[in-house]
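What follows is a short report on a single structure.
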Amino acid sequence: MSNQFISLFNAGTHRNILLPDFGAGSVAVQANQHLIIHGNEGMILDPGGHKVYSRVLAATSQQLQGAKLKYLFFSHQDPDIVAAANGWLMTTDAEGYISSLWTRFVPHFGIDHLVIDRLKPIPDEGMVLMLGGAKLIILPAHFLHSPGNFHVYDPTSRILYSGDLGASIGADYDEVTDFDAHLKHMEGFHRRYMSANVAMRRWAAAARKLDIEMIAPQHGALFRGRAMVERFIAWAEALPCGVDLFTDPIVIPE
Ligand code: FE
C-alpha cells in the first residue's frame with residue numbers, strides 16, 4: 001500500500017479520507033486510519049498506537065484544514081486502536097467514544113486524569129453522533145470480534161467502517177477487485193478472531209437494512225460498490241468461525 005491520502009468521498013462540506021499504512025515497514029499489523037470531516041468538525045476512527053501516533057496526528061491536522069477534531073472513535077479495545085488514546089486526548093479537545101464494556105480498561109494504557117472524563121461510553125445498543133450537523137450511526141457489531149464492538153455507518157457517503165470485520169492481511173492493494181482471489185487474505189483471520197457465525201448473521205441482517213456503497217475495514221483492502229458489498233456480507237453471513245470451529249477437546253500441552 002502507498003503511504004498517502006486516499007479520498008473515499010468528497011462532496012465539498014463532507015469528506016471521507018483514508019490514511020493507509022502509516023505503520024509501513026514495522027512488524028506491527030498494517031492498519032488503516034480513517035477520517036470523516038463534515039463542515040468544521042472531524043472524527044478519526046481507530047487512530048492506532050504509539051508507532052504511528054505522531055504521523056497520524058500530523059496528517060489529521062493537515063487534512064482537517066482548520067476543522068476541529070470532535071471525536072475519536074474506537075471500534076473496540078485492541079492495542080492497535082486505543083494504545084495512543086492518551087496522546088489524542090491530551091493534544092486535542094476531542095471526545096473519545098468506546099463500548100461501555102471497555103471504558104474502565106482503556107485507562108490502563110495510561111490515560112491522564114485530566115482527560116479521562118472525555119472518554120465516553122457507547123451503550124450496547126449503539127447511538128447516533130452528530131458531526132458538524134451530519135448524522136453518524138454507531139452500529140452494534142458485538143463479538144466481531146470483541147464482546148463490545150461497534151462500526152460507524154456514514155449515511156452521507158454511504159460508507160460502513162467495519163473495524164476488524166472485513167480485515168485482510170498481506171494483500172498489496174487498497175481495494176478488492178477479485179473477491180475470490182481476496183479470500184485467502186481474510187479467511188484465516190475471520191475464522192479464528194470472529195466469535196461465532198450467529199454474530200455474523202445478526203450483523204449481516206442489520207447491514208442489509210443500510211444503504212452501503214463501501215465497506216472500509218481497519219486492516220487491508222476495502223470493498224467498493226453494491227455488488228462487492230453484498231458479496232462480502234453474504235460471505236460473512238455464511239462463515240463458520242470462532243466457537244463454531246472449537247469442537248475438538250483441548251489437548252493438555254506436555
Ligand atoms: Fe481487534
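Both counts, for ligands and for their atoms, begin at 1 and track the order of listing. It should be emphasised that the depicted structure is a prediction, and the values quoted were computed from it without experimental measurement.
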What's the shortest heavy-atom distance between A206 and L139, and which atoms?
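Closest approach of A206 to L139: CB-CD1, 4.5 Å.
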
Can you name the N, O or S atom of D164 that is closest to the Fe ion (ligand 1)?
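Relative to the Fe ion (ligand 1), the closest nitrogen, oxygen or sulfur of D164 carries the name OD2.
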
For the residue pair H190 and W235, categorise the inter-ring angle as parallel (less than 30°), tilted (30 to 60°) or perpendicular (more than 60°).
perpendicular

Ring-plane angle category for W102 and F105, please: parallel below 30°, perpendicular beyond 60°, tilted otherwise.
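Ring orientation, 0 to 90° scale: perpendicular.
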
Angle at the Fe ion (ligand 1) (to 10°), with one arm to OD2 of D78 and the other to NE2 of H76
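Here the angle at the metal atom is close to 90°, to 10°.
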
Return yes when at least one N/O/S atom of D80 is nearer than 2.8 Å to the Fe ion (ligand 1), and no when none is.
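No, since none of the N, O or S atoms of D80 sits under 2.8 Å from the Fe ion (ligand 1).
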
Donor-acceptor pair between H145 and D78 side chains, under 3.5 angstrom
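Their side chains do contain a donor-acceptor pair, which is all the 3.5 Å distance test asks for.
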
